[in-house]
Amino acid sequence: MSKRNITGVKTGDTNAKKTKHWSLGLLESMKDSNSVVKSTDKLVVIRDKYPKAKIHYLVLPQDDITNIYKLNKAHINLLEEFGNIYKQLQEEETYSLKAGFHAVPSMFRLHMHIISKDMISPCLKTKIHWNSFTTAFFLPYEDVLKEIKLNGSVKKVSHEQHKALMATELQCNQCSYKPKNMPQLKEHLLSHS
DNA sequence: GTTCTAGAAC
DNA sequence: GTTCTAGAAC
């Protein structure tokens, strides 16, 4: 029996092959000049490899911060720089953007999504994709900053809450339309553009 | 996070 | 019969 640890190194395997685990993919993208949009001494902006809207960037710190649950009051300056980049990108862009974090991120290194509200993309495929940007699973940048300033940390979402949010029935983010399935939602989104 | 695909839903 | 979703991935 062979298991795979988080570093992507197969263990219990006689000729263990070194392969990068998918959850570390953002660290690779940060070093890839084709992905990087801009960078400063504190942060890097990359294009999301599988964009879920016409515009979809990720903002990551240069420092090795695992996720939002590692944030504290010492990171307020960093978060404010995240906000400045968000403002800057919005000024450069005609599409309306929103910025925020996933309550339960799948990949390592803290990352803030900056995504346009159209949600039109071939990479948007599942209910989970939809609900991670359109329910309370998406923690708006402003809310996270406020929470850090007030409490010094982000409150964790319970497993039950997480499950409930992902199971939320499909609901258009721009009107009251409730599609029966993903293809119907994707078709409907085109009518808003 | 994605890909693949079995079986549910239609 | 086709479309769509959801769970495994060694």
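Letters A, B, ... are given to chains in the order of the sequence lines, protein chains preceding strands, and every chain is numbered from 1.
Legend: residues meeting side chain to side chain contact (heavy atoms under 4.5 Å, CB included) with A/Pro140, ordered by chain and number and at least two apart, are A/Glu142, A/Asp143.
Between A/Tyr141 and A/Tyr86, the angle of the ring planes goes over 60°, which puts this pair in the perpendicular group of the 30/60° scheme.
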In dot-bracket form, how is DNA chain B paired, counting a Watson-Crick or G-U wobble pair only if both its distances are under 3.5 Å and using | for bases paired to another strand? .|||||||||
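The hydrophobic cluster around A/Tyr50 extends to none of the other residues, as no ILVMFWY side-chain heavy atom falls under 4.5 Å of it. Through direct or indirect side-chain contacts shorter than 4.5 Å among Ile, Leu, Val, Met, Phe, Trp and Tyr, A/Met30 is connected to A/Trp22, A/Leu26, A/Val36, A/Val44, A/Ile46, A/Leu58, A/Leu60, A/Met107.
Within 4.0 Å (heavy atoms only), A/His129 reaches sugar-phosphate atoms of the nucleic acid but no base atom. Among the protein residues, A/Lys52 comes within range of the sugar-phosphate backbone only, with heavy atoms under 4.0 Å from sugar or phosphate atoms but none that close to a base. Among the atoms of the strands shown, none is found under 4.0 Å from any heavy atom of A/Lys127. Within the 4.0 angstrom heavy-atom criterion, no nucleotide atom of any strand lies near A/Pro105.
Nucleotides of DNA chain B with any atom under 4.0 Å from a heavy atom of chain A span, from 5' to 3', B/dG1 to B/dT3.
Here the closest heavy-atom approach between residue A/Ser23 and residue A/Ser106 is recorded as CB-O, 3.8 Å.
Remark: A/Lys54 is not positioned above the aromatic ring of A/Tyr95, lacking an NZ or CZ atom under 6.0 angstrom from the ring centre and at most 45 degrees off the axis. Remark: A/Lys156 qualifies as a cation-pi partner of A/Tyr69 under the 6.0 Å distance and 45° angle criteria applied to the six-membered ring.
Screening residues 179-193 of chain A for side chain to side chain donor-acceptor pair (under 3.5 Å) gives A/Tyr177-A/Gln184, A/His188-A/His192 as the qualifying pairs, with residues at least two apart or on separate chains.
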